[in-house]
Amino acid sequence: MKIGFISLGCSKNLVDSERIMGMLRQGGHEFVADPKEAEAILINTCGFINPAKEEGINTILEMAEYKNGTCKKLIVLGCLAQRYKQDLIDEIPEIDRVVSISEYPKLNEILSEVLEIEPLVSYGKSERLVSSKPWTAYLKIAEGCSNNCTYCAIPLIRGGNVSFAMEDIVAEAKQLAANGVKELVLIAQDTTKYGLDRYGKLSLLTLLQQLHEIEGFHWIRILYMYPDEITDELLVGMTKLPKVLPYFDIPMQHGNDKMLKLMNRRGSVEDALKLVERIRELFPNPTLRTTNIVGFPHEGETEFNDLMAFTKAVRWDRMGAFTYSPEEDTVAYGMNETVDEEIKEARLAVLMETQEAISLANNQQHIGEVMEVLVEAQDGLVGNYRGRGRNSAPDEIDGWIIFKADRMIEFGSFVQVKITEARVHDLIGEEVYA
């Protein structure tokens with residue numbers, strides 16, 4: 001069967017999609033990029049915030065149009081399917097099956113029945129079909145989240161935190177390395193909580209030590225590190241693992257203690273400042289990334305000014321920020337003292353303008369430095385390449401290093417680039433040779 005597959009949302013959703021595609025590929029089915037050619041279309045949806053839900057609905061409606069042609073089956077999976085299963089069934093009759101996340105253990109049986117095909121290998125047993133660039137792959141180490149932040153619907157959708165068995169993670173990592181993956185990116189809703197539920201203690205460092213021993217990996221990157229679980233033991237341990245990059249993705253969400261408590265975020269602003277100081281003490285060139293929510297209920301000028309002061313004090317290398325989006329069934333959904341949308345947008349603009357100036361200044365400090373770059377693309381003219389340094393996560397989360405070279409370079413290679421110019425997000429340079 002010719003199958004079209006669309007994966008929306010985060011990298012954690014992408015890993016689910018790659019597992020499902022692996023099942024179908026192992027069953028002998030072919031994937032097509034053009035939905036006009038597809039006999040079945042599968043959409044793995046996101047349901048985290050309103051824009052993601054809108055994107056999911058619009059994509060489903062768009063793909064439903066192909067039911068008038070070659071496409072005979074339209075299947076919707078993922079977070080939106082988990083949260084709004086009956087609504088999707090009732091409102092979009094073109095959908096042949098809505099598969100919630102809780103049904104994934106029986107996904108092989110469900111897909112075999114709906115698609116009217118031979119039985120598939122069970123979900124999680126087949127080899128993933130890595131759909132990103134072949135030299136980089138995400139590795140999901142846990143499912144769900146138990147932090148219960150008041151604004152977040154993830155626990156409602158994915159359930160509480162469940163760490164995967166370390167031996168299974170290591171086995172999957174070995175397979176990825178054997179397939180040519182050079183950059184391994186660890187993900188979960190909260191990577192730093194890994195192992196607490198399964199082994200009775202935080203076990204991310206133990207996992208990193210095992211992954212570090214696998215031949216083939218050049219970089220190991222960690223995303224979604226909860227600040228109060230970044231222990232000194234973990235930091236010191238990371239300094240002894242050269243493949244593990246000093247890239248710290250720490251979603252703070254705010255810079256005011258009152259707001260952190262309202263969000264049910266553990267720790268304080270002072271704790272975060274001490275953590276940042278410790279990271280910079282241990283690592284000569286760490287990258288610090290965060291995300292913030294602007295306009296959460298009860299955020300007044302004082303609270304927002306504290307967020308601005310915190311941002312200036314830390315001087316994050318990277319920051320993602322967005323305005324608060326109320327999600328039904330979360331604790332914050334019923335909070336009073338909401339912030340007007342115009343005020344939210346104005347505050348977001350001020351925050352990001354400040355962060356851009358900080359990011360530019362931080363990038364300018366790299367001028368003259370020789371950085372290792374993972375080459376990923378070529379820009380038009382011969383000799384113009386772009387790639388990522390240790391300071392940039394994949395999928396355009398962060399900026400590029402754009403450089404000139406006087407030779408042909410294979411994508412997925414590592415080269416040395418001297419930085420000659422800095423922009424807000426990107427660095428400019430030229431290849432140098434030993």
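Values below: all heavy atoms of this structure, side chains included; hydrogens, waters and symmetry mates excluded.
Considering all non-hydrogen atoms of both residues, A173 and I214 come closest at CB-CD1, 3.7 Å. Across all their heavy atoms, P297 and A332 have their closest contact at CG-O, 4.4 Å. Here the closest heavy-atom approach between residue S100 and residue Q82 is recorded as CB-OE1, 3.1 Å. The two residues M252 and T290 make their nearest non-hydrogen contact at N-OG1, 3.0 Å. Here the shortest heavy-atom pairing between Y333 and Y324 reads N-OH, 3.9 Å.
For the residue pair N305 and T302, no side-chain donor N or O sits within less than 3.5 Å of a side-chain acceptor on the partner. Side-chain N/O atoms of N336 and H298 include a donor and acceptor closer than 3.5 Å. One side chain, D90 or Q86, offers a donor N or O that lies under 3.5 Å from an acceptor on the other. For D197 and N161, the side-chain atoms include at least one donor-acceptor pair closer than 3.5 Å. Between the side chains of E376 and W135, a donor-acceptor pair is found at a separation under 3.5 Å. Checked by atom type, the side-chain pair S122/N108 shows no donor-acceptor distance below 3.5 Å. For the residue pair S392 / R318, a side-chain donor-acceptor distance below 3.5 Å is found, with atom types taken as modelled. The closest side-chain donor-acceptor pair between N147 and K193 falls under 3.5 angstrom.
You'll find the side chain of L427 stays beyond 4.5 Å of the side chain of V417, heavy atoms only. Within the 4.5 Å cutoff, side-chain heavy atoms of M225 are placed close to those of L234. The side-chain heavy atoms of I279 and I250, taken from C-beta on, include a pair separated by under 4.5 Å. Contact annotation: the side chain of M352 approaches that of M319 to within less than 4.5 Å [non-hydrogen atoms, C-beta and beyond]. The shortest distance between side-chain heavy atoms of H425 and S359 does not fall below 4.5 Å. In this structure the side chain of D96 never reaches within 4.5 angstrom of the side chain of L115, judged on heavy atoms. Counting heavy atoms from C-beta outward, Y138 and E18 have side chains that stay 4.5 Å or more apart. You'll find the side chain of N391 stays beyond 4.5 Å of the side chain of D317, heavy atoms only.
More than 12 heavy atoms of other residues, nucleotides or ligands sit less than 6.0 Å from atom CD of E281. At most 12 non-hydrogen atoms from other residues, nucleotides or ligands lie less than 6.0 angstrom from CD of E342. Counted within 6.0 Å of CD on Q26, heavy atoms from surrounding residues, nucleotides or ligands total more than 12; the atom is thus considered enclosed. K174 NZ: 12 or fewer foreign heavy atoms inside a 6.0 Å radius. A 6.0 Å sphere centred on CD of E353 holds no more than 12 heavy atoms belonging to other residues, nucleotides or ligands.
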Margin query: Determine whether Y224 and D249 satisfy the following criterion, side-chain contact (heavy atoms from CB on, under 4.5 Å), listing intermediate values before the conclusion.
Written below: CA-CA 6 Å; Y224 314 114; D249 176 30; 3.8 Å; yes
Margin query: Assess the residue pair F322 and I293 against the criterion (side-chain contact (heavy atoms from CB on, under 4.5 Å)); give the C-alpha distance rounded to whole Å, side-chain angles, the decisive distance to 0.1 Å, and a yes or no.
Written below: CA-CA 5 Å; F322 51 93; I293 300 173; 3.8 Å; yes
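In this structure, the salt bridge (charged side-chain N to carboxylate O under 4.0 Å, His left out) partners of E143, at least two apart in sequence or on a different chain, are K140, R158.
Side-chain atoms of N44 never come within 3.5 Å of backbone atoms of L14 as a donor-acceptor pair (strictly under, hydrogens ignored). Between the K182 side chain and the G412 main chain, a donor and an acceptor come within less than 3.5 Å of each other. The closest donor-acceptor contact from the side chain of R221 to the backbone of R390 lies under 3.5 Å.
Between F414 and W219, a ring centre-to-centre spacing shorter than 6.0 Å is recorded. Taking the ring centroids of H254 and F296, they lie at or beyond the 6.0 Å cut-off.
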